[in-house]
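Chain letters run A, B, ... following the sequence lines, proteins first and then strands; every chain starts at 1.
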Amino acid sequence: MQLDTGKLFCRCGNEAEKESISTFARKLSLVSGEMGATDRAAYYEKERDREFHYNVSDNSCLVEMDEDPPHAINQDALITAVRVARTFGSSVFDHLSVMRKIVVDGSNTSGFQRTSLVATGGGAATSSGIVRISTICLEEDSARRISEDGRKAVFGLDRLGIPLLEIATEPDIRDADHAVEAARMISFIVASAGHFKRSAEAIRQDVNISLGYGRVEIKGVSKLSLIGDGIRSEIGRQTSLAQAVSVLNSRNPGRAYNIKLINCSEIFRNTKSKVILGEASSGKIAYCSLLKGMDGLLKKGEFRLGRETADLVKLFGVKGLLHSDELPGYGIENDELEKIRALLKPGEGDAFMIVMTQPDLIHVLSKEIQNRLSKIADLDFSETRSVSEDGTTHFLRPMPGGERMYPETDIPLIDLVPVLHTAKAMGPLEDMRSLVERLTRQYGISSQDSEVLVNEFKSGPFLELNSIIDDPRLTARVLLQTIPELERTSGPIAYHDLVSTFRLAKEKGLKRESVETMLAMCSRGASFEEVKASPLIYPLSEEELRQILSSLDPGMSQSQIIARIRKETGRPINAQALSRLLGSLKDQEKKSSGGRA
Amino acid sequence: MQLDTGKLFCRCGNEAEKESISTFARKLSLVSGEMGATDRAAYYEKERDREFHYNVSDNSCLVEMDEDPPHAINQDALITAVRVARTFGSSVFDHLSVMRKIVVDGSNTSGFQRTSLVATGGGAATSSGIVRISTICLEEDSARRISEDGRKAVFGLDRLGIPLLEIATEPDIRDADHAVEAARMISFIVASAGHFKRSAEAIRQDVNISLGYGRVEIKGVSKLSLIGDGIRSEIGRQTSLAQAVSVLNSRNPGRAYNIKLINCSEIFRNTKSKVILGEASSGKIAYCSLLKGMDGLLKKGEFRLGRETADLVKLFGVKGLLHSDELPGYGIENDELEKIRALLKPGEGDAFMIVMTQPDLIHVLSKEIQNRLSKIADLDFSETRSVSEDGTTHFLRPMPGGERMYPETDIPLIDLVPVLHTAKAMGPLEDMRSLVERLTRQYGISSQDSEVLVNEFKSGPFLELNSIIDDPRLTARVLLQTIPELERTSGPIAYHDLVSTFRLAKEKGLKRESVETMLAMCSRGASFEEVKASPLIYPLSEEELRQILSSLDPGMSQSQIIARIRKETGRPINAQALSRLLGSLKDQEKKSSGGRA
Amino acid sequence: MKEKASFGDRVRLSYNNVEIEGTFISHENGIITVKLKSGYNVALSDDRAEYLSVTPANRPSEERSGEREISGGVMLLATGGTIASRVDYTTGAVKPHYDISSLLGEAEIREKLGTRVIDNILSENVTPEKWILMAEHARKELDRGNHVIILHGTDTMTYSASALSFMFEKQSKSIIFTGSQRSPDRPSSDAFENIRSAISFSSLNVGEVSICMHDSRSDLSERLIRATRSRKMHTSRRDAIRDIDGGGLADIRNGKVSILGRFRPAADETVLNAKLDDRVALIYFYPGMESGILSRIAEKKKALVVMGTGLGHVSEAIISEIREITRDGVHVVMTSQCLQGNVNLNIYSTGRELKNAGVISAGDILPEVAFTKAMYVLANHGEDFGETMMKSLRGEISGRLLN
Amino acid sequence: MKEKASFGDRVRLSYNNVEIEGTFISHENGIITVKLKSGYNVALSDDRAEYLSVTPANRPSEERSGEREISGGVMLLATGGTIASRVDYTTGAVKPHYDISSLLGEAEIREKLGTRVIDNILSENVTPEKWILMAEHARKELDRGNHVIILHGTDTMTYSASALSFMFEKQSKSIIFTGSQRSPDRPSSDAFENIRSAISFSSLNVGEVSICMHDSRSDLSERLIRATRSRKMHTSRRDAIRDIDGGGLADIRNGKVSILGRFRPAADETVLNAKLDDRVALIYFYPGMESGILSRIAEKKKALVVMGTGLGHVSEAIISEIREITRDGVHVVMTSQCLQGNVNLNIYSTGRELKNAGVISAGDILPEVAFTKAMYVLANHGEDFGETMMKSLRGEISGRLLN
C-alpha cells in the first residue's frame, strides 16, 4: 500500500495539482533478463507492440520520465518499511538491494518497476491464528492508466514512483472472511506507520489464490471489501472452468487446439450486424476459427471458455469476439453462419469464433489464443487477474516468472543498519486494539467512535487534525460524519484542504458551523483560496446581528430567530453574541416600554 | 546604388526567397555622438518614441538583427568601389575607416548605418562639361519600410546590409536634364563594375538642391526619370515658399510663431465631420492652435504652408490636420468654426489649425510645429525630402549634421593597399560609348540594340546570359522585347529564373519559342521547378507531330498547319522536323496516289 | 615624439596631393585619424601626410561624474563592462567609462535613484577580491535601505552574481545584476531597457541575488534569473544570459511584471559572510587528457572543480590522479560539460570509481557556480566542505529536475 | 580466498537464523549476493552468513559473438559505450559488453546488415589513437561499399565523430555515429530506435560524418546532426545531443525522413587522412585564473584551445601569458564558454590585445570541435595552421549565424 512520504526515488510529492503539463510517447523493447532468459509475462506484453503516451503531472520530474537516473532512496519510506517489519517480527536484511522488475505494459516508463526485499518472516496474529508473513518489499507504484485504445495506451505520471509497501503472506488464510481480516490488520500497521491519510478503501491489495490449478494473483484489489468478493468469485470461476476442461478433454483426447484464423470478411460483405459493421469501419477485418470440442463450453450454464478467450483478445485491441454458443445473435444471420460452417466444417461438439482485427495481428493472435486454451486444458490456471467493482475477476496477463527481475544498477546497495537503529529508537507500532483504547482514554471520545476511526484507518488524520484544533469531538465528527456525508452527496475533499480548514478555524477561532461550511464548499470544488475569501464562512458580527434583529418581528423566539437568520444570510451565528444581543434588546424594550408606561 | 555582391558585413545574399521567417521588435534610444553633442536629425526621430518591428528574411542573419557584430567586409564590394573610384580618377584612401551614421528612424536595427569614405575627387565628363566628384562612399543599405502606423513601424531585413556605393558630386550640375545625364553616366560605371543585373530604374539616387535657402536632399529617388521631375517640382516649391515667407514676415515682424495646442474636443462633441469622428473613434482628441499671420498662406494659389505643417505632423501618426484656408469643409460647420474663433481669437491675417492626436503627444507636437515654422520663416529650407511617383516631394526629416557619425568600433581599420593592387590589375571600367561599340562589333547585334542595352544597364545581363547560350540575337530580343512586354502585361521575372531558363535552353537545345514560353510562365508566378516540369515548354516530338498531322486535312498549307498545331497544343514546334514530315507525307501521298493511278 | 596636434584641433593636411581638412582625432601606429566636416573619419599614413595648418580648438566637454548618493531607494553600482563602456578613440575599441548617469533618460533620474562607480573593469578581469568589494558596497546600500542594482559585464556576470549570492546568507533588499550586450553608445543598446526593468524588478523585494537581462531578441521583455541558475549561453545575443532549469524568477513584458517561480523573499536583516578562499580551479576534461596536469594545478589549490563528460566522467588515467589529489586533502568536485542535468556517479563504473576516489558531486549545479560556491564553502564551512557542497544553499541545486 | 560457490550455483545459507535459498551471484567486499527464486537479490554480510549447501548448476549460456561481415550494405561497428553496455555483476554497475547483435530484433537482422566489435571502452576513455582506429575500420567498410554506423558512448561522441569528420576529406558512403542514453538492458532503452533510424538515414547517402540520436524525449523521432555542429547538452535525457546552430541535417518522425539542412552528398571516392597530432589541450578560463598554468600546459603542446568568456576573452594576466606562449610557437585558438555565437576579437580591447598576441579565432566553432580540428590541422596542414583553422573544412564554422 502507498506510503504518504513523497516519491521513493525522487523528491516529488505524492499528490499532483496539475495532471498534465506536457506529454510524451514511448515504445518498450524486450530485453534479456539477468540469467540470459526472457520472461514470459514481459514477452507477452511486447507481443502487443504498443505505443505508450504519458501525461506529465506537476508532481513528476525527469526521474518519472525515465530521463534521469533514480535519486537517493526516500529515507522516510525506508524507516516506515523497517518499522512495519519490526512490528511483525520479520527479519530485516542488513542491506537493501534494489531490483528492476520488468513490466512492459507501459505502466512504468522505464519498462521496469523498482522493488526491493526489506524483510522476510514474522507474522500477524488474527482471530483465527497467526498468518505468517513471507516477504515485505518496498517498491514504486506504477503510472495510472488513463485510457487504452488498441495499441495506444495513455498513462498519468502522478502516481508513478510513490512508495508502496508490499507484504506477502504465507498460505495460512482459511477463507475469504479470514483474508479480509488479515488484510485489514496488516494494512493498519502500515497505515499507522506510513502517515496514511486516506480511507481504508484506498488500500490496494494483491490476493493470491491456489485451488490446485496453479497460483492466480488478483492484482490491485482496491477495497478491503472486494477481497472477499473477489476470492469467492474466483473460486466459482476456477471450479466451473475445471469442469469445462474435463468435458473438453474428454472430447479432445489429443488436445489439438489448433487455432487458425481465416479471413471471412467476404461472408459479411452485406452483413447487418452492427458489431461487425462498427469494427469494419475502423479498418478491421473479420476472421474465424474452429474451436475443437468446445461446443457448449464457451457460454452455457456456468461454462465460460468464451470469456477466457475474449479477455485475452481484448488486450490486443480486439473488441468483437463472437462465438458459436451465442450465435445467431448480434445481428448475424443464419445464412452467414451457414457460410462460416461451410468454411470451417465443424464436427460434432466443435464450436467456432469470429474476431474483428487488423490483418497484421493475425499471426500473434492465433498463437496467443492457442497458448491460452492449451494452458487451460492442462488445468494450469495460473495467471494475473484483476477484479471489478462487482467482484468478478478478469484476465490481465500470464503470471510472471522470477526471471523478470535483475538488479537496479543505478542504485548502490543501501546499508540498512542505520535505518534499523532509527526504527528501534522509534519503538514498535501500536496495534488496533491498543489504539482504540488510547483514543477513548486520552481524547474522551466514545469507544464506538474510536473503534470506527481505527477500523477505517482514520486515526492518523484524527491525531493530526486534532493537534491543530484541540477539539477531539469536532475532529471525530468531521471525520466520521461530515466528510462521509459530503463525499457521498457532493464531492471529494482533498486532505490538504482539510488541514487548511482546521488551520484557518484555529487561527480565526471559527466553530463547527464554519468548519462544515468550509468543507461543503471544498467538496463542491471550490479552491481553498476561494473558501477563505468567502464571507459565508465567517460568523455574523455583532453589528450585523444587531441590524438584522432590528428588522425582525420582536415576538420571535430565539430559535425562530436563528432559523430565520440562517436562512437569510447562510452564515454562521455566534450564539453567545446573539444571546447577549437578545438580552440587551429585551432590556431596552423593557426600558423603553417602561419609559412609556 | 546597390552592388550585387552579397551583403557588406555578413555572408548573406542580396535576394530573399522568404521575406518573413520570424519577427522581433526594438526600441531605439538616443546616444551621444563622438564629439559629445547630439545630432538634430537623430534627436528628432527619438522624439517620436516609436516601436520598430522587423520581419526576418531568409537572406539575413544575426548581423542584420544587430545580434552579432559585423563580420569582415565583403571583398568584392570593396574591389568594385575602388575600381569605380579609379575610373573617375578619384583619390582612393590607403585605409578604410568604417563609421556609424546615427539613424534612429528604425531603418537600421543598430540605430546606425555603416558607411565609409573610399575616395575623394575625380570627375565624370558629361556633354555639358565635367561634373566633379566630391566623395565616393561604401555603405550598407537600410531595411525596407513595409508599413507605418503611428508609433509602430514595420521593416523587412531583406535589403538591410546590401552594399551601396554612394557617389556625391560637386554642384557642377546646371539643370534637371544635366542632372539626369550625369546620374546615368555615373550609375552606369557602378553598374558595370558591380555585376548590376536589374533595370536602370532600380537605381536609387539622392539629389541635392541648393537655391539659396539651404541644402535640400531628395532621398532615394528610385528612378532616373524622377530626378528631373523631382528637381523641377522642388524648385517650384521653394520659390513659392519663399514668397509666402516674405508675406508672412511682413505681417509678423517679430516672428512670434508661438504654437499652443488647445483642447477643443468639446466644440466637436456633436460634430458631423467624418474626419474628426474617424480619428476620435481611435481615441484621438481635437486640438487647435492659432497660426499668426498665416491666413491665405496655408493653401491659396501656390502657397502651401499648410502642407509643410501637415507633412511634419504625419510623422507623429497625426492624420487629420485641418486649417482655416480649407475651412469650412470636411464636414465642419460654421458654428463649430465660430466657437474655435471665439476660443483662439484670431486677428487680421491670422489663421488657425485643428489636429487630432493623443494627449501625450501635445507637448512635443507643439514644439516641433513651432520649430519647423520658425525655420521656414528664417528662409532655411534645408531638410531631407522624398519624392513621389508624380514628382512631388515630401518632408522626411531635418538635414542631419556631421555630428551624427562616429567610428564603427567593431571593425578595425581596413588596409586598402592590397585592394588597390587588385583593382589596378583588373584595369579601368569601360564607359558607355566604348561598350556600345564593342557589343555591336563583337556580338553582331544592331547598334540600336547595343545602345538600348547599355543605356538601360542591361549590358551586364546580356553578357552573362549570352555566355550561357551563345545566341546574341535571342539574348538581346529577350532582354529588350520579351521581358519588358511580359513584365508590363503579366508580372516580374526574377533574374535567377532568367538564368535558369537560359541554362535549361542550352542543356535541352530549346529554341526561342520555348524560352519565351518559359519566361511567360515565370512572369505568371510559376516556380522554375513547375516551369521545368511543364510539357508546354518542350517542342512536339516527331511522333507527336506525325499523329497530329495524320488527323489534319491534307490540303492545309504548312503555315496553316503550324497555326493549327500551335493553337491546339500550345507547344513549340520543331520546324525542321515538321518540314521533313510534311515532305515525307507528300511523298507517301504521291506514292499511294501513284499506286492507285 | 611630440604631436603636432591634439584631440579636437582643427587641422589641414596635404595627403597624396589632396587637401584634407577636419578635426584631429589621433596619431597612432603611423596613422593620423582626422574627422572630416561630413563626419567621416579618414585614416592617413603619416609618412605621406603633411600638416598645412593646426588651429587649437575648444576641447569637448569633460565627462560628467553623475554620482548620486541616496537612501531608501534604488542604488546603481557600476563595476564596468559593456554597459559602462565607451568608444576608446586611441585604439578605436570599446573601453569602460565612468559616467553611468548617461544611461538614464532625464525622466528616469528620479528622487530615489542613486548611482556610484565602484570599479571600472572589463568583466573578464574580475577576481574574487572584486566580488568581496562588490558585496561590501552592496551591504552598505542594503543597510541604508536601498535596493541594489549592480551594472556588470555579461561575460562573467554569473560568476560574480553567484559569488555574491553565496556570501549573502540573508539580505534585506534585492540585489540585481544587469548589463548589456550592445554598448550604450549605440541607439540599439539593450542597456536602457535592462536598467529600467531591473528597477521595476526591485519592487518585488526578492531576497536573493539575481540577474536581469533581455528575455528575447526583442526589446519588449526582460527576465529576472536566479544568479546561481544563470549562464551566458550566446556570445552576442541580447538574451544571452539564460536560466538553466528553473532559475526564472519573474519577467516583464510591455511593462507588466509576472512571477515565474518561487524565490526567497527579502529578510529582516542582512547577513554577509564576505570571505572567499580563491584557491579553487575550474578544469575541463577532454579525451586523451594526460595525467600530471591536474596534480600540478592542485598543488596550490584547496579544491578543483572538474567539468567531466556526461553524468560526470573522466578517463581512467585521470581517475587515478584524482585519487592521489583527494588523498592529499584537495577537494575535487565533479560537474558536467553538458551543463544541463544531474551529475550522477552511481550509474557507470567510471562514476563509482570516482565516488570511491572521494569525488563530490552536487546534482545539477552549474560548473561556474560550483566554482564560486567552492570558494565560499572553503572560507566559511571548510570543515564540512563535502556535505555543504552537496546541499543547496542558494537554489543552486535543483532537487527536482523538470527539464 | 577460494569461493565456496560460483556464479549460478544453487546455494542454501543460514543468515541471522533465517534460511536463504537461491542462486549464488557474487561474493565481494564482504557481501554475498544471492538471487532468490522470487527474483530478488539479497545482499548478506559474509560474517553472519553460513553456507548450508552448494549445488553446482548449469552455467548460463555464453554470450553470442554476433559478428557478421557483409559488403554493399550497412555495417555496425561497436566501440563500447552505453549502447553496448551490460550489467556488471561483480560491481553491480553498467559495463561494456561485446554482443551487439542483441540490439537488433530478429526482423532487423537483414541480409545487408553486418556487425563487428572494434573496441570496447566507455567513451570517456577514448583517445586520438582510438579515433584513428575507428577511421580505419570505417574506411575498410566504405571500400567494401558499406554504409557505416558506429555505436559509441554519448559522452564523447562529438569529439570522436568530429575527429573522424576532419580525417575523412571525402567519403563514398555515410558514416553515422549513434548511441544510447538508457542502456539496452532495459525495455525503455533508446538504443533500438536510434539504431533503426541510423539505418534509415544511411539511405540518404550523406557524405559527412553525422550523429543520429533521439530528437525529443519521445521515442517517435530521431535527428541526424552534422558531427562538427553537435554537442551533448544534457547529462541524462534521450535528446541530449543537440545540433548547435544549423547542424540539423535530417529527421525521422514516425518512420518518415525529412531533410532539414544542406549536406555534402557522398563522393565517388574516399580520401582519409588518418593522422592526428594529439599535442593539443582544451582549457577553460575562469575569473582569477592564475598565470603559470597555461605555460606549464603549453610546454608539451603544439596548440591550446582556450574557452574564454563571451566573445572570446580572458583576463589581462592570461593575455600576457598567451603572448609568450604564441611567441614560443604554440598555437592558441580562442573559443567561447557560451558555446553559441561567434568568437570575435575585434569588439573589445581585450579581444584586440588577444588578436595582437597571435590568438586564432574561428567564428562559432564549438570548443570540442576546435580541439579535434586542431589535432587534424597540426598533423595535416601544420604549416598553414592559423588559416586552416579559420576556414570551414567540414561545416564546423557557420558563415551565416541564424541563431
Side-chain angles (χ1 to χ4, degrees), chain A residues 23-37 39 42 45-46 51-53 62 65-69 91-104 108-112 115-117 120-121 134-135 137 168 400-413, chain D residues 8 15-20 22-23 25 29 31 33-45 48 60-63 85-89 91-95 99 102-103 105 181-193 216-221 234-240:
Chain A
T23 63
F24 62 94
R26 291 276 164 74
K27 294 175 179 180
L28 293 174
S29 299
L30 195 67
V31 293
S32 296
E34 183 181 6
M35 307 301 280
D39 175 75
E45 286 287 345
K46 170 63 186 167
E51 210 172 279
F52 304 107
H53 291 250
L62 290 190
M65 299 177 207
D66 190 45
E67 287 281 56
D68 193 20
S91 310
V92 178
F93 288 98
D94 294 342
H95 296 92
L96 204 68
S97 181
V98 182
M99 306 297 290
R100 296 170 171 178
K101 195 194 286 183
I102 299 278
V103 184
V104 287
N108 289 75
T109 47
S110 54
F112 51 73
T115 177
S116 56
L117 182 59
T120 57
S134 43
T135 56
C137 293
E403 317 90 79
R404 68 168 184 162
M405 245 194 262
Y406 72 108
E408 168 52 276
T409 52
D410 295 347
I411 303 170
L413 268 191
Chain D
Y15 186 70
N16 291 351
N17 299 322
V18 179
E19 195 178 307
I20 306 278
T23 306
I25 298 293
N29 302 324
I31 300 214
T33 301
V34 174
K35 188 179 189 64
L36 306 184
K37 196 178 172 225
S38 62
Y40 283 97
N41 281 16
V42 289
L44 313 172
S45 305
R48 286 190 264 166
S61 59
E62 283 300 301
E63 288 183 358
S85 67
R86 208 183 151 69
V87 176
D88 173 356
Y89 292 105
T91 67
V94 175
K95 279 208 165 175
D99 179 9
S102 66
L103 293 175
Q181 284 280 84
R182 295 285 93 73
S183 57
D185 56 65
R186 49 208 285 167
S188 61
S189 174
D190 48 335
F192 313 107
E193 296 296 323
S216 78
R217 62 174 51 134
S218 289
D219 277 334
L220 308 179
S221 59
H234 199 285
T235 62
S236 59
R237 275 168 56 161
R238 285 165 173 75
D239 56 354

Has the side chain of A/Ser97 got a donor or acceptor atom that lies under 3.5 Å from a matching backbone atom of D/Val42? no
A/Leu62 portion near chain D, given a 4.5 angstrom heavy-atom threshold: side chain
Which atom of A/Gly111 lies closest to which atom of D/Pro187, heavy atoms considered: O-CG, 3.3 Å
Would you please say whether a donor-acceptor pair under 3.5 Å links the side chains of D/Ser188 and A/Asp66? yes
Most contacts with chain A, counted as non-hydrogen pairs under 4.5 angstrom, among D/Ala43, D/Ala240, D/Ser216, D/Ser218: D/Ser218
At what distance, to the nearest 0.5 angstrom, does CG of A/Asn108 lie from CZ of D/Arg186? 11.0 Å
Of all heavy-atom pairs between D/Arg182 and A/Asp68, which one has the smallest distance, and what is that distance? NH1-N, 4.3 Å
Atom pair OG1/CG of D/Thr33 and A/Leu413 - distance to nearest 0.5 Å: 6.0 Å
Given side chains that start at C-beta, do those of D/Ile20 and A/Thr120 come closer than 4.5 Å, heavy atoms only? no
Please state whether the side chain, the backbone, both or neither of A/Ser110 comes within less than 4.5 Å of a heavy atom of chain D. both
Does any backbone or side-chain atom of A/Thr115 lie under 4.5 Å from a heavy atom of chain D? Answer side chain, backbone, both or neither. both
For the pair D/Arg217 (side chain) and A/Thr23 (backbone), establish whether a donor and an acceptor sit closer than 3.5 Å, ignoring hydrogens and angles. no
Does the pair A/Asp94 and D/Asn16 meet the rule for a side chain to side chain contact (heavy atoms under 4.5 Å, CB included), with working shown? CA-CA 10 Å; A/Asp94 294 342; D/Asn16 291 351; 4.3 Å; yes
Taking the side chain as C-beta and beyond, is there a heavy-atom pair between A/Phe93 and D/Leu44 under 4.5 Å? yes
Which one of A/Ser116, A/Pro412, A/Ser91 has the most heavy-atom pairs closer than 4.5 Å to chain D? A/Ser116
So what's closer than 4.5 Å to chain A heavy atoms on D/Arg237: side chain, backbone, both or neither? both
Out of curiosity, D/Asp239 CG to A/Phe24 CZ, how far, rounded to the nearest 0.5 Å? 11.5 Å
Give, for atom CZ of D/Arg238 and atom CE of A/Met65, the distance between the pair rounded to the nearest 0.5 Å. 11.0 Å
Are D/Ser236 and A/Pro69 packed together at the side-chain level, in the sense that at least one heavy-atom pair is separated by less than 4.5 angstrom? yes
Considering all heavy atoms of both residues, which atom of D/Ser45 and which atom of A/His95 are nearest to each other, and what is their separation? OG-CE1, 3.5 Å
To the nearest 0.5 Å, what is the distance between CG on D/Asp190 and NZ on A/Lys27? 13.5 Å
